[in-house]
Amino acid sequence: MKFIIEHLSKHFEKKEVLRDITFTFDEGRIYGLLGRNGAGKTTLFNCINRDIRADGGAFYLEDGAGRRELAARDIGYVLSTPTVPEFLTGREFLKFFMEINGQTIQDPKSLDQYFDYMSIDIGDRDRLLKDYSHGMKNKMQLLVNIIAQPNLLLLDEPLTSLDVVVAEEMKQLLRSLKTGRIILFSTHIMDLALDLCDEIVLLNHGELEVVEKHHLDVGEFREKIITALREEEHD
């Protein structure tokens with residue numbers, strides 16, 4: 001399976017944020033979408049998710065059966081600031097999600113199996129979501145996307161404000177999820193992208209560019225990324 005972007009563009013007034021982007025992402029890989037703050041990473045995700053209207057372009061999934069347009073059911077989107085219904089408990093939220101999506105969830109498991117999968121303690125499962133930490137809310141946001149089993153998972157700075165233990169748990173989980181899907185992981189933290197991701201893609205001057213490792217050592221690879229980002233800063 002491949003996720004294909006063709007001729008995507010987006011302007012905000014006179015500022016060109018995304019410039020005629022054409023790019024192909026392959027199944028089974030975590031792509032680190034790396035760029036400076038304000039480079040347009042969230043704009044790209046919002047266009048893919050159709051939260052904002054692109055000025056031009058199209059999105060496709062391609063597999064053995066051919067090419068089709070990307071549908072809402074294909075996409076999972078984890079926001080940097082978790083959005084969960086804080087008036088519900090963790091268990092109520094999970095139960096509600098599974099009830100309204102019951103016809104599309106494949107191989108459903110019990111609520112406690114899902115909580116176990118995300119390492120959410122028994123004592124926290126019946127607490128109100130408003131009392132969850134930022135990291136726990138992020139876990140719940142990711143969990144409902146895992147249950148939905150999307151073909152394309154968009155992660156917008158999901159680990160930036162997590163403590164070390166939770167961030168490491170989330171990285172291990174994401175590595176286990178990449179089989180059978182495409183994961184785009186947005187971040188402005190280079191070390192995080194290098195640690196987690198199979199490929200690094202720069203959003204630079206409104207365009208996507210793969211940074212090839214080839215035979216570069218870690219230091220040379222880092223310098224190549226930094227040089228590209230500095231060029232954008234002075235553009």
Side-chain angles (χ1 to χ4, degrees), residues 30-52 75-101 105 109-150 152-178 181-197 200-201 203:
I30 301 176
Y31 290 86
L33 179 61
L34 195 61
R36 300 178 66 88
N37 286 328
K41 301 185 296 297
T42 299
T43 297
L44 173 62
F45 280 4
N46 285 339
C47 286
I48 294 171
N49 200 46
R50 297 180 177 85
D51 290 329
I52 61 175
I75 306 170
Y77 192 1
V78 178
L79 305 172
S80 56
T81 301
T83 54
V84 294
E86 297 194 337
F87 57 90
L88 297 178
T89 67
R91 189 180 300 277
E92 288 169 343
F93 173 47
L94 209 54
K95 182 180 179 183
F96 174 72
F97 179 83
M98 294 186 68
E99 285 177 350
I100 63 173
N101 294 281
I105 294 173
K109 299 175 176 56
S110 72
L111 299 183
D112 284 309
Q113 282 179 297
Y114 285 123
F115 282 123
D116 289 342
Y117 184 67
M118 295 300 289
S119 300
I120 295 176
D121 292 339
I122 292 176
D124 291 324
R125 301 174 187 185
D126 294 294
R127 290 173 57 205
L128 289 173
L129 291 173
K130 74 179 181 66
D131 296 324
Y132 276 27
S133 67
H134 183 99
M136 289 175 61
K137 289 177 182 177
N138 250 338
K139 281 187 173 184
M140 291 299 295
Q141 188 180 220
L142 181 57
L143 179 55
V144 293
N145 280 284
I146 291 171
I147 294 171
Q149 298 186 38
L152 175 65
L153 185 56
L154 307 175
L155 305 172
D156 190 6
E157 305 267 7
L159 309 184
T160 302
S161 58
L162 303 185
D163 65 49
V164 174
V165 174
V166 176
E168 192 58 39
E169 288 177 352
M170 295 282 273
K171 285 191 286 186
Q172 292 176 7
L173 177 62
L174 292 174
R175 292 184 185 106
S176 73
L177 289 174
K178 66 181 182 179
R181 61 176 49 85
I182 299 158
I183 298 178
L184 274 58
F185 183 93
S186 164
T187 184
H188 63 278
I189 302 174
M190 182 168 58
D191 286 342
L192 177 57
L194 292 174
D195 179 44
L196 175 64
C197 302
I200 302 297
V201 181
L203 182 53

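All residue numbers in this chain count up from 1 along the given sequence.
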Determine whether Leu142 and Leu153 make a side-chain contact, defined as any pair of heavy atoms from C-beta on separated by less than 4.5 Å.
-> yes
Look only at the side chain of Tyr132 and the backbone of Glu86, and say whether a donor-acceptor pair between them is shorter than 3.5 Å.
-> no
Are the side chain of Asn145 and the backbone N or O of Tyr77 linked by a donor-acceptor pair below 3.5 Å?
-> yes
Nearest-0.5 Å distance, CG of residue Leu155 to CG of residue Leu79 = 10.0 Å
Would you call Glu92 and Lys95 a salt bridge, using N to O less than 4.0 angstrom?
-> no
Are the side chain of Asn49 and the backbone N or O of Phe45 linked by a donor-acceptor pair below 3.5 Å?
-> no
Quick one: does Arg125's side chain get under 4.5 Å of Leu94's, heavy atoms only?
-> no
Looking at CD1 of Ile182 and CG of Leu154, how far apart are the two atoms once the value is rounded to the nearest 0.5 Å?
-> 10.5 Å
Check Asp156, Leu34, Leu174, Leu33 against Phe185 for a side-chain contact (heavy atoms from CB on, under 4.5 Å) and give me the one that passes.
-> Leu174
Tell me, please, which residues at least two apart from Tyr31 pass ring pair (Phe, Tyr, Trp, His ring centres under 6.0 Å).
-> Phe25
Drop me the distance from Leu196's CG to Ile189's CD1, to the nearest 0.5 angstrom.
-> 12.0 Å
So, do Cys197 and Ile30 sit near enough that their side-chain heavy atoms are less than 4.5 Å apart?
-> yes
Ignoring hydrogens and angles, tell me if any N or O in the side chain of Lys41 forms a donor-acceptor pair with the backbone of Gly35 under 3.5 Å.
-> yes
Between Lys171 and Glu168, does a side-chain contact (heavy atoms from CB on, under 4.5 Å) hold up when you go through it step by step?
-> CA-CA 5 Å; Lys171 285 191 286 186; Glu168 192 58 39; 3.2 Å; yes
For the student: nearest non-hydrogen atoms of Gly90 and Leu129, plus distance = CA-CD2, 3.7 Å
Is the backbone of His188 close enough, under 3.5 Å, to the side chain of Glu157 for a donor and an acceptor to pair up by distance?
-> yes
Hey, are Asp116 and Gln113 close enough side-chain-wise for a donor-acceptor pair under 3.5 Å?
-> no
Under 3.5 Å donor-acceptor, Lys139 side chain and Met118 backbone = yes
Find the distance between CD1 (Ile146) and OH (Tyr117) and round it off to the nearest 0.5 Å.
-> 5.0 Å
With a cut-off of 6.0 Å (strictly less than), are more than 12 heavy atoms of other residues, nucleotides or ligands near CD1 of Ile100?
-> yes
Begin from the C-alpha positions of Ile48 and Leu152 and carry the test side-chain contact (heavy atoms from CB on, under 4.5 Å) through to its verdict.
-> CA-CA 10 Å; Ile48 294 171; Leu152 175 65; 3.9 Å; yes
Can you list the steps and then say if Phe115 with Ile122 is a side-chain contact (heavy atoms from CB on, under 4.5 Å)?
-> CA-CA 8 Å; Phe115 282 123; Ile122 292 176; over 6 Å; no
